[in-house]
Amino acid sequence: QVQSVESGGGVVQAGGSLRLSCVASGRTFRSVGMAWFLQPPGKGREFVARITWRGGEKQYADSVKGRFAISRDNAKNTVYLEMNSLKPDDTGVYYCTSLKYYSASSFLRESDYWGQGTQVTVSS
């Protein structure tokens, strides 16, 4: 399976920006892309953004379109999430995960593995 290490979280005021990083390791040849998820306090994980390794295709949740940007550096096996115009609703733990299937309308995770995540807190 592919492991991931997330970093870059912190405390920021509403309207501020953060850049998260996710380094993938392990059986990365099985991965067709990566996705970011957010787990708000007391809630389940929800999809934020995804990207393919090969062509850089991207999709976003409606709640972050126009504010967040996902990118990747294949040479470093690293995926980034640039977050701008942050809102208190963006607060939570951000996780990245490897994908084994990716299409314009759906995707599948490569395993049940989740990293430790990185905490983002947006104050109002």
Side-chain angles (χ1 to χ4, degrees):
Q1 66 185 15
V2 175
Q3 290 85 40
S4 56
V5 178
E6 302 90 345
S7 63
V11 180
V12 63
Q13 288 188 332
S17 299
L18 282 173
R19 188 192 194 206
L20 306 184
S21 298
C22 166
V23 180
S25 63
R27 297 191 175 190
T28 56
F29 61 90
R30 297 174 57 181
S31 176
V32 300
M34 300 292 288
W36 284 98
F37 282 74
L38 162 65
Q39 185 166 24
K43 299 182 180 179
R45 292 185 182 93
E46 56 191 45
F47 167 74
V48 175
R50 55 191 174 110
I51 188 169
T52 59
W53 287 114
R54 188 170 184 177
E57 291 86 358
K58 307 171 186 178
Q59 274 80 30
Y60 298 92
D62 289 342
S63 60
V64 306
K65 283 181 181 176
R67 300 189 299 121
F68 289 12
I70 189 170
S71 61
R72 92 280 192 221
D73 184 332
N74 289 26
K76 296 181 180 180
N77 283 340
T78 300
V79 174
Y80 304 97
L81 187 67
E82 186 76 35
M83 306 188 297
N84 300 308
S85 301
L86 282 161
K87 306 175 181 179
D89 284 348
D90 298 320
T91 293
V93 181
Y94 284 76
Y95 299 88
C96 67
T97 186
S98 173
L99 305 178
K100 67 178 180 181
Y101 173 78
Y102 190 112
S103 74
S105 58
S106 67
F107 61 93
L108 290 173
R109 294 179 57 223
E110 184 251 340
S111 74
D112 292 330
Y113 171 86
W114 292 103
Q116 86 288 348
T118 185
Q119 174 72 44
V120 172
T121 302
V122 184
S123 60
S124 58

Handout entry: Cluster link V2 to F37, ILVMFWY, side chain under 4.5 Å
Key = no

Handout entry: Taking every non-hydrogen atom, the tightest pair across K100 and V32
Key = C-CG2, 3.6 Å

Handout entry: Distance in Å, S124 OG paired with Q13 CD, rounded so as to fall on 0.5 Å steps
Key = 9.5 Å

Practice task
Decide yes or no on side chain to side chain contact (heavy atoms under 4.5 Å, CB included) for E110 and Q1, but give the supporting numbers first.
Solution key: CA-CA 7 Å; E110 184 251 340; Q1 66 185 15; 4.0 Å; yes

Problem - Spacing of N77 atom CG and C22 atom SG [to the nearest 0.5 Å] - result: 10.0 Å

Contacts under 3.5 angstrom, residues 48-55 side chains, donor-acceptor by atom type, not counting sequence neighbours:
from: R50; atom 1: NH1; to: S103; atom 2: O; distance (Å): 2.9
from: R50; atom 1: NH1; to: S106; atom 2: O; distance (Å): 3.3
from: R50; atom 1: NH2; to: S103; atom 2: O; distance (Å): 3.2
from: R50; atom 1: NH2; to: A104; atom 2: O; distance (Å): 3.3
from: T52; atom 1: OG1; to: G56; atom 2: N; distance (Å): 2.9
from: T52; atom 1: OG1; to: E57; atom 2: N; distance (Å): 2.9
from: T52; atom 1: OG1; to: E57; atom 2: OE1; distance (Å): 2.3
from: W53; atom 1: NE1; to: S31; atom 2: OG; distance (Å): 2.9

Practice task
Rounded to the nearest 0.5 Å, what's the gap from CZ on F68 to CG on L38? Could you check?
Solution key: 8.0 Å

Exercise for the section: Kindly indicate whether the side chain of Q59, heavy atoms from C-beta on, has any atom under 4.5 Å from the side chain of F107. Expected result: no

Handout entry: Residues forming a side-chain hydrogen bond (donor to acceptor under 3.5 Å, both in side chains) with K65, sequence neighbours excluded
Key = D62

Exercise for the section: Kindly say whether S63 contributes a backbone atom to a donor-acceptor pair with the side chain of R67 at under 3.5 angstrom? Expected result: yes

Handout entry: Connected via hydrophobic side-chain network under 4.5 Å: L86 and Y60
Key = yes

Practice task
With rounding to the nearest 0.5 Å, note down the distance linking CG in D90 to OG in S85.
Solution key: 9.5 Å

Handout entry: Side-chain heavy atoms of E46 within contact of P40, under 4.5 Å
Key = yes

Problem - Nearest atoms (heavy-atom pairs only) where T78 meets S21 - result: CG2-CB, 4.5 Å

Problem - Joint hydrophobic cluster, M34 plus V120, side-chain heavy atoms closer than 4.5 Å - result: yes

Handout entry: Joint hydrophobic cluster, W36 plus Y95, side-chain heavy atoms closer than 4.5 Å
Key = no

Problem - Same apolar cluster: W114 and L99, side chain cutoff 4.5 Å - result: yes

Completion exercise
So salt bridge (charged side-chain N to carboxylate O under 4.0 Å, His left out) across residues 1-21, not counting sequence neighbours, yields R19-E82

Practice task
State, yes or no, whether a side-chain contact exists between V23 and Q3 at a heavy-atom distance under 4.5 Å.
Solution key: no

